[in-house]
Amino acid sequence: MLSWMKSRRVAIASAKHLYGAVVAAARRPELFRAVNAADTPLGRFEVLALHMVLVLERLEADGAATEAARRRLVEAFVEDMDDSMREMGIGDLAVPKKVKKAAGALYDRVATLRPLLATGAEPELAEALARDVPAAPGATIDAGRFARYVLSADRALAGQPTESILGGQLPFARVAV
């Protein structure tokens, strides 16, 4: 019984560590500057959701072996959304509804981006990014550059061993923006 609880704690801690690595990759200022993404709550959410999709899709390639890790990664995302909304001052009664909406948006991004990543369809990916990611004030999203970054990041993740990814070693910083 105790070993089960310990292994569960380790798995949750590992998912939170991986989620922290995803957040760090998604919050790189040079990425926001390079593609003219808005550094606002909505802009940060969209860039984070994009990086979550990339990692979830890479882990999905391992099938059942990473099913629990994917679920725990999404749970860490939901917990962070809950904490973030409370920090922003959203009332306790509204938080669950907004967290559900954020989780739904993540799954919408998975549904939208999965086929585009699978085919490497750069023009269609650029169109989706331009539609979803808000631009910095007075700028326009450099959707083509953003799409090239996403496809490069997807290829870099595909070449990364699963154990490294689960350990939070993500190749995003090595991908040119």
Side-chain angles (χ1 to χ4, degrees), residues 1-29 31-32 37 41-90 92-118 125 132-133 149-175 177:
M1 175 82 154
L2 291 178
S3 64
W4 173 82
M5 288 177 27
K6 182 180 179 184
S7 65
R8 185 170 187 271
R9 271 196 317 269
V10 168
I12 290 169
S14 185
K16 286 183 178 184
H17 176 72
L18 174 55
Y19 179 72
V22 174
V23 170
R27 289 292 296 129
R28 292 178 300 135
L31 174 60
F32 280 77
L42 180 58
R44 290 188 294 268
F45 172 82
E46 289 296 344
V47 175
L48 172 60
L50 170 67
H51 284 81
M52 282 288 293
V53 169
L54 288 167
V55 172
L56 289 168
E57 286 301 295
R58 167 55 185 85
L59 293 175
E60 176 76 23
D62 291 330
T66 59
E67 183 177 348
R70 292 190 311 268
R71 186 183 69 250
R72 286 197 174 95
L73 179 59
V74 171
E75 288 169 358
F77 167 82
V78 168
E79 185 178 322
D80 181 46
M81 290 298 106
D82 185 280
D83 292 345
S84 295
M85 289 179 194
R86 290 178 194 283
E87 284 179 19
M88 292 185 332
I90 295 173
D92 287 344
L93 295 175
V95 168
K97 184 177 179 180
K98 290 190 179 282
V99 169
K100 185 177 180 180
K101 187 175 177 180
L106 174 62
Y107 286 114
D108 288 347
R109 299 311 175 269
V110 168
T112 298
L113 298 175
R114 176 177 283 155
L116 301 177
L117 292 171
L125 179 58
D132 291 337
V133 181
Y149 164 79
V150 169
L151 293 172
S152 294
D154 188 49
R155 285 190 299 274
L157 278 166
Q160 186 91 355
T162 302
E163 296 77 27
S164 296
I165 293 170
L166 293 175
Q169 298 171 354
L170 302 175
F172 296 118
R174 296 189 309 262
V175 176
V177 182

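Along the sequence shown, the residues carry numbers beginning at 1.
- Minimum heavy-atom separation, P161 to R58: C-NH2, 3.9 Å.
- Here the side chain of E60 pairs no donor or acceptor atom with the backbone of R70 at under 3.5 angstrom.
- The pair D92-R86 meets the salt-bridge criterion, with a side-chain N (NZ, NE, NH1 or NH2) lying under 4.0 Å from an Asp/Glu carboxylate O.
- Atom NZ of residue K101 and atom NZ of residue K97 lie 8.0 Å apart, to the nearest 0.5 angstrom.
- L157 CG to L170 CG: the interatomic distance, rounded to the nearest 0.5 Å, is 6.5 Å.
- Looking at D80 and V22, their side chains never come closer than 4.5 Å, going by heavy atoms from C-beta outward.
- Looking at residues two or more places apart in sequence or on another chain, you find a side-chain contact (heavy atoms from CB on, under 4.5 Å) between E79 and K16, D83.
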Check your understanding: Where do D62 and L166 land on the side-chain contact (heavy atoms from CB on, under 4.5 Å) test, with the steps shown first?
Key -> CA-CA 12 Å; D62 291 330; L166 293 175; over 6 Å; no
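- Summarising the geometry, atom CZ belonging to F77 is positioned 9.5 Å from atom CG belonging to L56; distances are rounded to the nearest 0.5 Å.
- Within the 4.5 Å cutoff, no side-chain heavy atoms of Q160 are placed close to those of V55.
- Distance alone, capped at 3.5 Å, is enough to place a donor-acceptor pair between the R28 side chain and the A25 backbone.
- With contacts defined as side-chain heavy-atom distances shorter than 4.5 Å, the pair R72/Y19 does not qualify.
- Contact record, K98 with I90: CD-CD1, 3.7 Å, taken as the closest heavy-atom pair.
- Across all their heavy atoms, A26 and V47 have their closest contact at O-CG1, 3.3 Å.
- Judged by distance alone, the side chain of R174 and the main-chain N or O of A156 form no donor-acceptor pair under 3.5 Å.
- No side-chain donor-acceptor contact under 3.5 Å links H51 to the backbone of V23.
- Taking OG1 from T66 and CD1 from I165, the interatomic distance works out to 9.5 Å, rounded to the nearest 0.5 Å.
- V53 pairs in a side chain to side chain contact (heavy atoms under 4.5 Å, CB included) with only one of the listed residues (L106, D154, T112), which is L106.
- Of all heavy-atom pairs between L116 and L151, the closest is O-CD2, 4.5 Å.
- The side-chain contact (heavy atoms from CB on, under 4.5 Å) test applied to R71 returns A68, E75, not counting sequence neighbours.
- Side-chain contact between K100 and V78 is absent, with no heavy atoms from C-beta onward closer than 4.5 Å.
- Qualifying salt bridge (Lys or Arg N to Asp or Glu O under 4.0 Å) partners for D132, counting only residues two or more places apart in sequence or in other chains: R109.
- By the 4.5 Å heavy-atom criterion applied to side chains, L54 and F172 are counted as neighbours.
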